[in-house]
Amino acid sequence: MSKIPVIEMFGPTIQGEGAVIGVKTMFVRTYGCDYHCSWCDSAFTWDGSAKAKVRMMEPAEIMAELLELAGDNFNCVTISGGNPALIGEGMGEFISMLHARGLQAAIETQGSRWQEWFYEVDVLTISPKPPSSGMSTNWEVLDSIMNNLSARNKVTQSLKVVVFDDMDYEYAKSIHRRYPLIPFFLQPGNEDVTEEGDISGRLLERLEWLFNKVIVDKEMNLARVLPQLHALIWHNKRGK
Ligand SMILES: C[S@@+](CC[C@H](N)C(=O)[O-])C[C@H]1O[C@@H](n2cnc3c(N)ncnc32)[C@H](O)[C@@H]1O
Ligand SMILES: Nc1nc2[nH]cc(C(=O)O)c2c(=O)[nH]1
Ligand code: SF4
Ligand SMILES: [Mg+2]
């Protein structure tokens, strides 16, 4: 059995982003990322600040802890990070374990690495990073991920781009143009992930800004613009 580096597990909560927004889900957050986005809202998964909290866990141990946390009060497990696509066969084993119990596996990843277990994922969210992140996209890798998934026609995949500014918006358009058949989501960026208290007003202003860009843009007729719903309700609180 191959172990998985887990930094936190929480839930049940409500999926706050993307294609399955609003669905009750547990979260498993893996440690480690091959990116270091300037505005990452989960930097503790890679910046070393929470390294002492990482547990190397067998898939069966993760399953047991989810059941301990929530009993049968969930049907979906979202695996995020960090980048869960850094993990090899252990993750494939964990996804099989979820399926054996009739549970769904949702994955959040940035599209920088391929894993064979992507084929088994029920809801796969690929979130390429725009210029404001400071990261650059490896188009060869992203193309091959999107090609592999399309060829199997089995996984429910979607693309989700976070937008902070006009340059990010142009990047988002280039993603949508490149993969026009893939469900496409836009999400405004949270510009201060450490602010305490109610940040909903600030987030809603950015949502309106993004709405207004999409409304006048005929290339975005099929895009869906969504907030980070959990951030509107629970703000920058961790484990929500
Ligand atoms: C923390 S990441 C982890 C999964 C994976 N590394 C990725 O980036 O897709 C989960 C989601 O949060 C988004 N995100 C991270 N920081 C954000 C911020 N400051 N504002 C809005 N979305 C953010 C990412 O773009 C991604 O879609
Ligand atoms: N409620 C809630 N929904 C989410 N969707 C994606 C998240 C993530 O951090 O990957 C996230 C998260 O952290 N919380
Ligand atoms: S890819 Fe995801 S987890 Fe990694 S630094 Fe960027 S937003 Fe954070
Ligand atoms: Mg989050």
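Order of listing sets the numbers, starting from 1, for every ligand and every atom in it. This one's a predicted model, so the numbers in the text were calculated from it and none came from an experiment.
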For [X], does the [atom1] atom have more than 12 heavy-atom neighbours from other residues, nucleotides or ligands under 6.0 Å away?
| X | atom1 | value |
| --- | --- | --- |
| M56 | CE | yes |
| D72 | CG | no |
| E208 | CD | no |
| R178 | CZ | yes |
| H99 | NE2 | yes |

Option of least heavy-atom distance to atom 24 (C) of ligand 1 (set: M135, R29, K129): K129
Nearest neighbour of atom 12 (O) of ligand 1 from the list E17, K160, Q110, on a heavy-atom basis: E17
Ligand 1 contacted by F164 (non-hydrogen, < 4.0 Å): yes
Test item, E191 contacting ligand 1 (heavy atom, 4.0 angstrom): no
Short N or O distance, N83 and ligand 1, threshold 3.5 Å exclusive: no
Those residues that, when tested against F118, pass ring pair (Phe, Tyr, Trp, His ring centres under 6.0 Å) (two or more places apart): W114
Shortest protein heavy-atom distance from atom 26 (C) of ligand 1, along with the residue and atom involved: S127 OG, 3.9 Å
Nearest protein heavy atom with distance in Å, relative to atom 22 (N) of ligand 1: Q187 NE2, 3.0 Å
Mode of T109 contact toward ligand 1 - side chain, backbone, both, neither (heavy atoms, under 4.0 Å): backbone
Part of V162 within contact of ligand 1 (heavy atoms, under 4.0 Å): side chain
Near atom 8 (Fe) of ligand 3 (cut-off under 2.8 Å), count of protein N, O or S atoms: 1
Donor-acceptor side-chain pairing of S150 and N148 below 3.5 angstrom: no
Per-atom contacts, ligand 3 versus K129 - under 4.0 Å to a heavy atom: 1 (S), 6 (Fe), 7 (S)
